[in-house]
Asks: 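Let me give you the structure first, and then I'll get to my questions.
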2 protein chains.
Amino acid sequence: MATIKDVAKHANVSVATVSRYLNKKGYLSKEAEQKVKEAIGALNYKPNSVARSLYHKTSKMLGLVIPDITNPFFPELARAVEDVALTYGYTVVICNTDEDIDKEKHYIEALKSKYVDGLIIATHELSEKDYLDLGIPLVMLDRTIGEAIPSVRSNNREGAKLGTKYLIEQGCQFIAHVRGPLTIKTAYDRYLGFKDVVDQHQTRHEIVESAFDIDESKQKILKILNEYPEIDGIFTSSDVMAVGALKATQSLGLHVPEDIQIIGFDGIPLGEMLIPSLTTISQSIYKMGTLACRLLIKQIEKKPLEELHFVLETELKIRETTRGE
Amino acid sequence: MATIKDVAKHANVSVATVSRYLNKKGYLSKEAEQKVKEAIGALNYKPNSVARSLYHKTSKMLGLVIPDITNPFFPELARAVEDVALTYGYTVVICNTDEDIDKEKHYIEALKSKYVDGLIIATHELSEKDYLDLGIPLVMLDRTIGEAIPSVRSNNREGAKLGTKYLIEQGCQFIAHVRGPLTIKTAYDRYLGFKDVVDQHQTRHEIVESAFDIDESKQKILKILNEYPEIDGIFTSSDVMAVGALKATQSLGLHVPEDIQIIGFDGIPLGEMLIPSLTTISQSIYKMGTLACRLLIKQIEKKPLEELHFVLETELKIRETTRGE
DNA sequence: ATGAAAGCGCTAACAT
DNA sequence: ATGTTAGCGCTTTCAT
């Protein structure tokens, strides 16, 4: 691979001149410009990012820290981040932490030593201080952590209200809510939204807790359906959980949506592929990703942020697991 | 961030000594070792990867070039690659090319200028020469391209035979095959396998072509089902296409598997989540990823490869879209 | 056993 | 307008 020296030699100028050409900085005669341009073409020269990084302490790399790319919520998000990163000339490195604090630390350390320019964090492991101490631009995705770190998330509580309300409108008299782990704020907000509505309407309800996991959700629902066969509506804290619900009702010989209606949360592509397709509270996943990435790049480029915390509205996507009009 | 100089100063030794300690190379007195160790601890020193990269022309980074992480085949693959990469201390950068040759070239260029150590390629854009000219270790995933570049793929033809045979065993008399784009070798092999079996059994059949896309597949199937209502079996070239088939049969009021049986190909997690769950020819996706990554790292570490081309067997996963025993 | 110094490829301050 | 050079943080050869 040709270096800047080779180009300088070939063009009969100094490396500084080549560098000026490359960065369009400082004075440069038309003539020199022409010679350099030719040399670069002739040698097929490409600037070496590593050398640039070493000098600038910057890498044009972004880190995306997520629990697991295999969770259907994240591919679309990752895609969104990557799409805008590409636009601005950044490369993104995805880190699967499996919600393991050591793994997360390991990755962040590795990225820092590569001069990563910023991080989008979609996990719930470290504390605000840990993140702030990193000393690099950050965006929290799907949660806020203190006021200082910019964030992008959905209005989970309102979304949950939307879904619960719709279930009641469709005639549900006894609704089960499968909520996510208590430690996860997102899941807690959805629980709160559910609670708001059932309390207000004095709707009979039961709440179970489950990991965002299809099988655990199925088991929990089987259990509660067994205990309360009158349940005629299920609102789950995620679409994956709703699949578990669907499996459970199916194995019980229940018809959806005739006997029991189901609403999920997330709006992952899977929902549309199911038969029956899943009614859900859809988050603007792609938009969350692009927004987070733009926020991050703005910080990296030291542009002012007129707003730090973004809350996106959710949308009720009526499909086949509810009765419809 | 502390540098090697800081550590040297703190420990009252030269940077060379610190470097020797870091790399466990060359002579080092117990005493010096102790001092350096302390200094590193005290300063919380972490070696800078960028500086190392510049010297070694190596980055401990791997590139994974795929069409689109949003395609449900790839998250599991990416996960597998990352898991083994992590074990060996590598970081992986995922590149979504959208099957766009310019995007692929752009990414590869960017990675090269970052001294990426190797590439796993799961796209079909560039030629063997293009790849060879890169001059870095490579593994082809899901296809072979010449003899020189190591590869990992499934035995697609045998897999297709397995599926087609099973459909016939289950009583199908008229089978439709939705094949993938002709340009994709993988899809072609599956088509060949299908053809092998229907020809041998003189089974009535029809073939349509579709992108690996749910809606297009649905439309194509709707059309052929309309033309030949006697079709009682569908074998698709991917699971996503099979979802299209399921949607099509459902919209026609057909019962699966009673009226018509369906078999997909891939074994993506989605298949299990569907209701009815999808009978499919399952590839060992995770294994393909780990194998490819190990192969790549072996090359990077200049270890001999006893074998260059790996063909993994597929497995028939009998679920609910076929009649079963 | 340890240190000084060159060099990886690039940028920018300084000199001319 | 252009060139010389120090330095980014690290590794390694060569002295000592």
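Not measured: the values here are computed from a predicted model. Here is the naming used below: chain letters follow the sequence lines, and residue numbers restart at 1 for every chain.
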Asks: From OH of A:Y27 over to P of C:dA12, roughly how many Å is that when rounded to an integer?
Replies: 16 Å

Asks: Determine, for nucleotides 5-14 of chain D in 5'-to-3' order, which nucleotides have protein heavy atoms under 4.0 Å from the base (write B), from only the sugar-phosphate (write S), or from neither (write -).
Replies: B-BBBSBB--

Asks: Side chains of B:I268 and B:E76: closer than 4.5 Å at any heavy-atom pair?
Replies: no

Asks: When you compare the side chains of A:N48 and B:S113, does any donor N or O come within less than 3.5 Å of an acceptor on the partner?
Replies: no

Asks: Tell me: CD1 of A:I40 to P of C:dC10, nearest whole Å?
Replies: 10 Å

Asks: Compare all side-chain heavy atoms of A:V240 with those of A:D213 and state whether any distance is below 4.5 angstrom.
Replies: no

Asks: Within the 3.5 Å criterion, strictly below it, is a donor on A:T87 or A:D83 matched to an acceptor on the partner's side chain?
Replies: no

Asks: Examine distances only and state if a side-chain atom of A:T144 and a backbone atom of A:M140 form a donor-acceptor pair shorter than 3.5 Å.
Replies: no

Asks: Over how many whole Å does the gap from A:K30 atom NZ to D:dT2 atom C1' extend?
Replies: 16 Å

Asks: Quick check: do B:I108 and B:Y131 have side-chain heavy atoms less than 4.5 Å from each other?
Replies: yes

Asks: For the helix from C:dA1-D:dT16 to C:dT16-D:dA1, figure out the bend between the end axes, five pairs an end, and round to 10 degrees.
Replies: 50°

Asks: Rounded off to whole Å, could you give me the NZ-to-C1' distance for the B:K112 and C:dG9 pair?
Replies: 15 Å

Asks: Can B:D98 and B:K103 be counted as an ion pair, charged N to O under 4.0 angstrom?
Replies: yes

Asks: Once you round it to whole Å, what is the distance between P of C:dT2 and NZ of B:K9?
Replies: 20 Å

Asks: Output yes when a side-chain donor or acceptor of B:R79 lies under 3.5 Å from a complementary backbone atom of A:D68, and no otherwise.
Replies: no

